[in-house]
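As structure tokens, the structure follows; a few thoughts come after it.
In each ligand, atom 1 is the first atom listed, and ligand 1 is the first ligand listed. Side chains included, hydrogens not; waters and symmetry mates left out as well; all remaining heavy atoms used. Throughout, numbering of the chain's residues begins at 1 and tracks the sequence.
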Amino acid sequence: MSTANQPTIPATLIPGDGIGPEIVEATVMALDVLGARFDWETCSAGLAGMKEFGDPLPQSTLDSIHRTKLALKGPLETPVGGGYRSSNVRLREEFKLYANVRPAKTIIPGGRYDDIDLVLLRENNEGLYVGFEHYIPIDGDPHAVAMATGVNTRAGCRRIAEYAFDYAVKNGRKKVTIVHKANIMKALTGLFLDTTREVAKKYEGRIECDQRIVDACAMQLVLNPWQFDVIVTTNLFGDILSDEIAGLVGGLGMVPGANIGVEAAIFEAVHGSAPDIAGKGIANPVALMLAAAMMLDHIDRRDLGGRLRQGIDATLNVDKVRTGDLGGTASTKQFTAALIRRLNT
Ligand code: ATP
């Protein structure tokens with residue numbers, strides 16, 4: 001399909017913190033060369049939002065996403081311990097982005113694991129991420145006891161479970177594995193397990209369903225990851241397992257994520273802001289570029305999403321241009337230039 005006569009699509013662009021601006025710039029260049037006609041509204045959040053507006057999630061950024069309902073986002077830094085609440089979590093709450101989709105597929109063969117092709121679906125709004133935390137002071141120690149409460153609702157569990165099975169049907173997947181810890185957190189993750197099993201019944205004969213306890217799943221992912229197809233799990237387990245899964249396909253620089261919701265869709269890399277390598281020009285932009293490919297699929301430009309994925313594949317495997325995290329020597333700019341040459345051929 002030619003792009004020349006396509007209308008432009010308004011979208012919010014958040015460069016983010018750390019390596020964010022470098023990988024966002026690289027990704028936007030690749031999208032321009034592809035002819036993806038986004039009309040970007042550039043906004044800040046995270047540390048950049050704090051510096052510019054004194055707010056890690058400025059109102060102007062929220063307004064932009066309310067308008068566009070579509071965003072490409074660089075990683076946002078969240079202070080460990082004290083400080084402000086994660087802007088990523090707040091964005092997921094504000095726009096009811098209940099499904100976090102993290103596909104992991106081997107692109108570079110010959111690594112420790114070959115032919116990985118699995119998708120992690122993480123519930124994005126509930127569980128232990130709701131932020132119900134407090135301390136109890138004892139004997140003058142204000143932090144003598146720390147408490148956190150997780151919240152799962154039947155409606156929230158049903159929504160992510162239905163998303164997972166629908167996703168499996170739409171994407172030609174065969175099996176959904178429910179990951180939980182219902183033997184210990186009997187109410188919190190028991191509700192998730194029971195509700196998801198109920199939903200699974202509606203898909204019997206079409207999509208297979210099994211279940212794993214999260215710790216066993218973590219081990220099985222290392223021993224035999226090929227047994228998994230689609231994994232659906234709660235918020236915290238999804239966060240942890242998705243980093244483990246990234247390790248199966250070459251590391252954090254290779255895994256994209258989509259936050260899909262009722263009111264918007266926000267696309268991002270699974271990795272964080274990687275402050276240790278920020279500003280050095282060596283970050284791998286592939287995860288964010290793959291997130292941009294998911295964004296193109298989402299707006300029904302699968303043709304462009306496919307071309308971007310093919311270009312990335314050829315740059316990594318035919319031209320063998322790779323950043324340091326993948327064992328190569330290319331800078332972010334050198335990788336991007338090589339990708340653009342591919343996209344132009
Ligand atoms: P967060 O808690 O914000 O999700 P994290 O603890 O998962 O962050 P990251 O910042 O995602 O940590 O990354 C951990 C390390 O992996 C980084 O410090 C960096 O060395 C490496 N890394 C992450 N992303 C990339 C990338 N795109 N390119 C190269 N190296 C990366």
Side-chain angles (χ1 to χ4, degrees), residues 14-30 45-50 56-57 72-92 97 100-105 107-108 111 120 122 124 127-129 131 218 235-259 266-294 308 312 315-316 321-336 338-339:
I14 303 175
D17 300 320
I19 58 173
E22 302 162 52
I23 59 175
V24 165
E25 186 190 4
T27 303
V28 169
M29 280 170 76
L47 272 187
M50 277 302 278
L57 204 48
L72 182 67
K73 184 182 79 54
L76 304 178
E77 207 162 315
T78 309
V80 175
Y84 55 83
R85 191 152 174 257
S86 161
S87 309
N88 293 318
V89 173
R90 283 179 58 203
L91 277 172
R92 291 166 190 167
L97 307 171
N100 192 321
V101 186
R102 297 181 161 184
K105 200 169 185 322
I107 300 181
I108 302 176
L120 183 117
R122 162 184 173 190
N124 225 6
L128 283 157
Y129 276 61
N235 210 337
L236 177 62
F237 299 157
D239 186 22
I240 297 166
L241 291 182
S242 56
D243 272 29
E244 184 184 0
I245 290 168
L248 303 174
V249 294
L252 283 168
M254 301 300 284
V255 185
N259 299 283
I266 301 183
F267 297 82
E268 64 187 359
V270 162
H271 61 74
S273 59
D276 53 329
I277 57 166
K280 295 187 178 161
I282 57 169
N284 181 359
V286 167
L288 192 71
M289 289 176 171
L290 292 173
M294 292 177 83
L308 182 52
I312 291 169
T315 308
L316 293 170
V321 178
R322 299 174 186 171
T323 46
D325 56 310
L326 301 175
T329 55
S331 65
T332 313
K333 283 198 160 65
Q334 285 165 335
F335 176 84
T336 310
L339 171 65

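- Ligand 1 is never approached by A287 to a heavy-atom distance shorter than 4.0 Å.
- Judged by the 6.0 Å and 45° rule, R92 forms no cation-pi pair with Y129.
- By the criterion of a heavy-atom distance under 4.0 Å, the side chain of D243, and not its backbone, is placed next to ligand 1.
- Between the side chain of E22 and the backbone N or O of I19, no donor-acceptor pair lies under 3.5 Å.
- Within the 4.0 Å heavy-atom criterion, the part of S273 lying near ligand 1 is the backbone and not the side chain.
- For the pair D325 and I282, the minimum side-chain heavy-atom distance is 4.5 Å or more.
- Taking any N or O of G272, backbone or side chain, at least one lies under 3.5 Å from an N or O belonging to ligand 1.
- For N284, heavy-atom contacts with ligand 1 shorter than 4.0 Å involve the backbone as well as the side chain.
- Against a heavy-atom cut-off of under 4.0 Å, H271 is close to the following atoms of ligand 1: 11 (O), 23 (C), 24 (N), 27 (N).
- With contacts defined as side-chain heavy-atom distances shorter than 4.5 Å, the pair L91/N259 does not qualify.
- Closer than 4.0 Å to atom 17 (C) of ligand 1 lies at least one heavy atom of the protein.
- Checking only distances, L76 never comes within under 3.5 Å of ligand 1, N or O to N or O.
- Among protein heavy atoms, the minimum distance from atom 20 (O) of ligand 1 is reached at D276 OD2, 2.8 Å.
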Determine, stepwise, if the pair D239 / R102 fulfils side-chain contact (heavy atoms from CB on, under 4.5 Å). CA-CA 10 Å; D239 186 22; R102 297 181 161 184; 4.3 Å; yes
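- When side chains are defined from C-beta on, N100 counts as touching E268, because their heavy atoms get closer than 4.5 Å.
- When distances from atom 13 (O) of ligand 1 to the protein are checked, a heavy atom turns up under 4.0 Å.
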So R90 and T78, side-chain contact (heavy atoms from CB on, under 4.5 Å) or not? Walk me through it. CA-CA 11 Å; R90 283 179 58 203; T78 309; over 6 Å; no
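- Distance remark: protein heavy atom not present below 4.0 angstrom from atom 2 (O) of ligand 1.
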Using side-chain contact (heavy atoms from CB on, under 4.5 Å), reason through N235 and L128 one step at a time and then give a plain yes or no. CA-CA 7 Å; N235 210 337; L128 283 157; over 6 Å; no
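- A274 CB, 4.6 Å is the protein heavy atom nearest to atom 21 (C) of ligand 1.
- At a heavy-atom distance under 4.0 Å, only side-chain atoms of I19, from C-beta outward, approach ligand 1.
- Residue contacts with ligand 1, taken as heavy atom pairs separated by less than 4.0 Å, involve I277 solely via side-chain atoms from C-beta onward.
- Counting only heavy atoms, the protein gets under 4.0 Å from atom 10 (O) of ligand 1.
- Of all protein heavy atoms, the one lying nearest to atom 15 (C) of ligand 1 is L252 CD1, 4.5 Å.
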